[in-house]
Amino acid sequence: MIYLMDFDPKHRRLHRMKVFDDLQRPLAQDERLQLELRHLQAGEQREVVLLAAADEATLRHTHARYFATVAAS
């Protein structure tokens with residue numbers, strides 16, 4: 001799975017997480033680029049990244065800082 005993460009490091013808040021399957025990598029890359037460009041044009045400091053993990057539980061373990069202020073689902 002591929003996870004698109006939109007994180008505000010200043011406020012330590014995850015604004016968005018979108019899941020893509022591995023075959024949708026080009027779509028995920030395009031969406032990441034468009035989102036990052038919107039944030040840059042708006043003058044917003046955000047981390048917009050694509051992360052790969054077998055499942056969300058693994059992602060929460062390996063990249064826990066993105067979820068520190070998000071209630072467990």
Side-chain angles (χ1 to χ4, degrees):
M1 303 303 290
I2 300 168
Y3 297 85
L4 171 64
M5 311 294 283
D6 179 4
F7 183 74
D8 179 347
K10 181 178 178 182
H11 297 105
R12 298 182 48 90
R13 179 170 175 244
L14 181 63
H15 285 266
R16 181 176 186 206
M17 180 176 79
K18 185 172 180 180
V19 183
F20 298 87
D21 71 34
D22 292 332
L23 297 175
Q24 295 177 304
R25 182 173 295 276
L27 177 63
Q29 291 171 326
D30 184 58
E31 196 162 325
R32 184 208 58 83
L33 178 60
Q34 296 304 317
L35 185 57
E36 190 166 354
L37 289 173
R38 280 197 305 264
H39 288 315
L40 287 172
Q41 290 172 345
E44 298 170 335
Q45 295 284 322
R46 296 276 186 89
E47 291 179 23
V48 181
V49 297
L50 292 177
L51 302 170
D55 53 44
E56 187 176 329
T58 300
L59 185 68
R60 286 178 178 270
H61 178 73
T62 60
H63 292 81
R65 74 184 193 94
Y66 290 118
F67 301 97
T69 60
V70 177
S73 51

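- For E31, the salt bridge (charged side-chain N to carboxylate O under 4.0 Å, His left out) criterion is met by R16, K18, not counting sequence neighbours.
- Separation of atoms CZ (R32) and CG (L4) is listed at 8.5 Å; rounding is to 0.5 Å.
- Linking Ile, Leu, Val, Met, Phe, Trp and Tyr whenever their side-chain heavy atoms come within less than 4.5 Å leaves L27 and M1 in two separate clusters.
- In this structure L51 satisfies the side chain to side chain contact (heavy atoms under 4.5 Å, CB included) test together with M5, V49, L59, H63, Y66, sequence neighbours excluded.
- Contact of the Q24 side chain with the I2 side chain is not registered, since no non-hydrogen atoms from C-beta on lie closer than 4.5 Å.
- Remark: R38 pairs with Q34, L35 by the side chain to side chain contact (heavy atoms under 4.5 Å, CB included) rule, at least two apart or across chains.
- D6 contributes atom CG, which lies 12.0 Å from atom CE of M17 (distance to the nearest 0.5 angstrom).
- D30 is linked by a side-chain hydrogen bond (donor to acceptor under 3.5 Å, both in side chains) to nothing, counting only residues two or more places apart in sequence or in another chain.
- The neighbour count for H15 NE2, taken as heavy atoms of other residues, nucleotides or ligands under 6.0 Å away, is above 12.
- Of all heavy-atom pairs spanning F7 and R65, the tightest one is CE2-NH1, 3.5 Å.
- Annotation for P9 and R46: closest pair CD-CA, 4.1 Å, computed over non-hydrogen atoms.
- Residues passing the side chain to side chain contact (heavy atoms under 4.5 Å, CB included) test with L40 are E36, sequence neighbours excluded.
- Of all non-hydrogen atoms in Y3 and E56, the two that sit nearest each other are OH-N, 3.0 Å.
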